[in-house]
Amino acid sequence: MARILITSAIPYINGIKHLGNLVGSQLPADLYARYMRARGHEVLFLCATDEHGTPAELAAAKAGKPVADYCAEMWAVQDELGKGFRLSFDHFGRSSSPRNHRLTQHFAGRLADANLIREVSEKQVYSVADGRFLPDRYIEGTCPNCGYDKARGDQCENCTKQLDPTDLIEPRSAISGSTDLEVRETKHLYLRQSEMRDQLRDWIDSKTDWPVLTTSIARKWLDDGDGLQDRGITRDLDWGIPVRRGTEGWPGMEGKVFYVWFDAPIEYIACAAEWVDAGKGPAPDPGADKDSVWERWWRTDKGADDVRYVQFMGKDNVPFHTLSFPATILGSGEPWKLVDYIKSFNYLNYDGGQFSTSQGRGVFMDQALDILPSDYWRWWLLSHVPETSDSEFTWDGFQQDVNKDLADVLGNFVSRITKFCRSKFGEIVPEGGAYGPKETALIADLQTRLDRYQGHMDAIEIRKAAAELRAIWVAGNEYLQSAAPWTAFKEDPDRAAAITRFALNLIPFYAALSEPFIPDAAQQMADAMGTDLIWPETVERALSRLAPGHAFTVPDVLFAKIADEDREAWAARFAGTRG
RNA sequence: GGGCCUGUAGCUCAAUUGGUUAGAGCAGAGCGCUCAUAACGCUUUGGUUGCAGGUUCGAGUCCUGCCGGGCCUACCA
């Protein structure tokens, strides 16, 4: 039994995430976690909310709430939506947790001790009216290059020229519109990533099995221009983790907090500690303290040397996970677990454009659950997950694919065989008859397909795995058509009984294989057949689990079809402007 | 501007990393079945692999140029 640590990129706190966010990290991570648990491995699957930074403060202000209250509420909302999508986190933590405060401060102290932190005095724009320093993109003004009057301080969206905030003509705060801006001197801590460039490159170069998307982004940052740049890891904000050097104060850094991208990945570790604090982990070994329970996942000197750590994220997150966070871990000089495999994703677009939180364009997690059960979304999103390039959601495609795959191919298979059995033999697995060449051939075919399916799931080739799973469902319909128990029943009821018994056995087999994709329907299938979800050791053994005389019930329709009227109404409703 | 990714059937995607006649699913057409959610099965139409050159015995795959789409470009996260 292997031990597998899985983390999903942690979603930002400022609002409900859309399906593009979901499919880019949490959902594929959940698929992998469920699969690995089903295969009997020990899994720790962690996620959390990413709560610090300017956008959180502004969202809270807009909602008229203290930022701590706002984050607590939004955490609860995201936690609930995660449950709605059946995301099987062992713990859903918060980057604002006391555990993360302590760990983040600890890492900063270690990095400082290793001479990997330097202090930099720099000039930044301060908005007197807003009472805060403004990140470059929160400053608006007229572009000196093209005259566009809504250029941002980092870049003009109109002419794409990169800007410095001081380049802007008539700069103003994007928050309040105030022009009462001044340049102030402020001191910040920088992580000396450039010192670790060779070490990081050697590490990246050793990861020959990683997706191209992951390594090419990492190399770009290592080698672009003057190479990997040092990165500021502190900010002038109120909401965040106070800058401390371990447990000591940090002279000159009073009132400042760590940069959200410094503390967010550390939350992966802190979340494991939160998991233990929440009483969810196993009991510690006799004589060991409770921290040992999470440290055996994270400290290679305390049991984590045999852990395989897999991260899931969208491509925008890759630089921080391939460079900054590893620099933090390596630079600490302590034996923390480094990531073994990074699965990164492209973006999911919505009907010809991007999902847009600000414009309310696309489907958001709460809305999706309002209109359809989570299995519909899970299946479609995972079978279309943007692995090799950006992919696209359209209502037409969604309706067609879901109706065909889930209702017609899988749902109808379960329906046709259970109802046939009920009408001819009753709700009981029939006895009599013997299996013949057709059954032998199907077992062999399914064994080949199962091996391929497992191979794809092991390799986290999600779309290929989905296609193979679908082919496994299809094989059941092919078998029924070919064996035709309804015909056999007329001349040879014993043969019909054997066919029916064999086909009924496919249902728990399908349920187990399908569970990572569609957990609710899988459970319904298993419940209807009076079995548990057990991953097959071999197809032959799996298909002999339901013995003659075993009682079952005909389940309700597993997947109702999406009607044309629904599709049209939803397409109109989600075209833009949420609400 | 620079970098990376990408372009294959009407649609969504494959193609064992340079190797036979480029394959699936959906959609379309025809046939079959009647157990089933008008579901299922079988057969079948459909491609100058964005364009133009080049390397090679051989190119969807490698090189050059052009055209289109996307992402990143370090102070949003």
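By convention in this document, chain letters (A, B, ...) are assigned in the order of the sequence lines, proteins followed by strands, and residues within each chain are numbered from 1.
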Would you indicate what [X] reaches in the nucleic acid, counting non-hydrogen atoms under 4.0 angstrom: base, sugar-phosphate, or nothing?
X: A:Lys220; value: base
X: A:Asp316; value: base
X: A:Ser383; value: nothing
X: A:Gly314; value: nothing
X: A:Gln193; value: nothing
X: A:Pro55; value: sugar-phosphate
X: A:Gly397; value: nothing
X: A:Phe133; value: nothing
X: A:Ser482; value: nothing
X: A:Val474; value: sugar-phosphate
X: A:Leu558; value: base
X: A:Lys424; value: nothing

Spacing of the [atom1] atoms in [M] and [N] (rounded, Å):
N: B:U49; M: B:C42; atom1: P; result: 30 Å
N: B:G46; M: B:C63; atom1: C1'; result: 32 Å
N: B:U6; M: B:G47; atom1: P; result: 26 Å
N: B:U20; M: B:G30; atom1: P; result: 35 Å
N: B:U61; M: B:U55; atom1: P; result: 15 Å
N: B:G25; M: B:A14; atom1: C1'; result: 10 Å
N: B:U17; M: B:A59; atom1: C1'; result: 13 Å
N: B:C75; M: B:U8; atom1: P; result: 36 Å

Can you see whether A:Phe312 has A:Lys343 sitting over its ring - NZ or CZ less than 6.0 Å from the centre and within 45° of the normal? no

Of the nucleotides [options], which one has an atom closest to the side chain of [X]?
X: A:Trp261; options: B:C42, B:A77, B:U37; result: B:A77
X: A:Tyr347; options: B:C72, B:C76, B:G41; result: B:C72
X: A:Arg416; options: B:A36, B:C76, B:A39; result: B:A36
X: A:Glu478; options: B:C42, B:A77, B:C35; result: B:C42
X: A:Arg231; options: B:A74, B:U37, B:A77; result: B:A74
X: A:Lys561; options: B:C76, B:A39, B:A77; result: B:A39

Please give, in whole Å, the distance from [N] [atom2] to [X] [atom1]?
X: A:Leu382; N: B:C13; atom1: CG; atom2: C1'; answer: 16 Å
X: A:Arg219; N: B:C5; atom1: CZ; atom2: P; answer: 11 Å
X: A:Lys315; N: B:A74; atom1: NZ; atom2: C1'; answer: 18 Å
X: A:Phe489; N: B:A36; atom1: CZ; atom2: P; answer: 13 Å
X: A:Ile175; N: B:C75; atom1: CD1; atom2: P; answer: 17 Å
X: A:Phe420; N: B:U37; atom1: CZ; atom2: P; answer: 14 Å
X: A:Leu228; N: B:U73; atom1: CG; atom2: C1'; answer: 14 Å
X: A:Phe325; N: B:A74; atom1: CZ; atom2: C1'; answer: 19 Å

Are any of the side-chain heavy atoms of A:Leu19 and A:Phe364 separated by less than 4.5 Å? no

Side chains of A:Val23 and A:Trp377 in contact at under 4.5 Å (non-hydrogen atoms): no

Quiz question: going by heavy-atom distance under 3.5 Å, is there a donor-acceptor pair between the base of [N] and the side chain of [X]?
X: A:Asn412; N: B:A36; value: yes
X: A:Gln124; N: B:C75; value: yes
X: A:Trp221; N: B:A74; value: no

Is the [X] to [Y] ring centre distance short of 6.0 Å?
X: A:Phe502; Y: A:Tyr479; answer: yes
X: A:Tyr376; Y: A:Phe398; answer: no
X: A:Tyr350; Y: A:Phe393; answer: yes

Keeping [X] on the side-chain end and [Y] on the backbone end, is there a donor-acceptor pair under 3.5 Å?
X: A:Ser514; Y: A:Ala511; value: no
X: A:Glu57; Y: A:Asp238; value: yes
X: A:Glu461; Y: A:Glu387; value: no
X: A:Arg235; Y: A:Phe258; value: no

Enter the distance from A:Glu51:CD to A:Tyr70:OH here, rounded to the nearest 0.5 Å. 10.5 Å

Let me know, please, whether A:Asn477 or A:Val557 comes out on the 5' side of the other along RNA chain B by nearest nucleotide. A:Val557

Assert: residue with more 5' nearest nucleotide on RNA chain B, out of A:Arg235 and A:Ala560, is A:Ala560

B:U17: syn or anti, with syn meaning chi within 90° of zero? syn

Want to know the stems of RNA chain B: at least 3 consecutive Watson-Crick or G-U pairs with distances under 3.5 Å, which are they? B:1-7 with B:67-73, B:10-13 with B:23-26, B:28-32 with B:40-44, B:50-54 with B:62-66

A:Asn477 versus A:Arg416, side-chain donor and acceptor atoms under 3.5 Å: yes

Distance only, no hydrogens: is a donor on one side chain within 3.5 Å (strictly under) of an acceptor on the other, for A:Asp564 and A:Gln399? yes

Strictly below 4.0 Å: does A:Tyr259 bring a side-chain N or O up to OP1 or OP2 of B:A77? yes

Look at the rings of A:Trp379 and A:Trp473 and say which category their plane angle falls in: under 30° parallel, 30 to 60° tilted, over 60° perpendicular. tilted

How does protein reach along nucleotides 23-34 of chain B, written 5' to 3' as B (base within reach of a heavy atom under 4.0 Å), S (only sugar-phosphate), or - (no contact)? --SSS----BSS

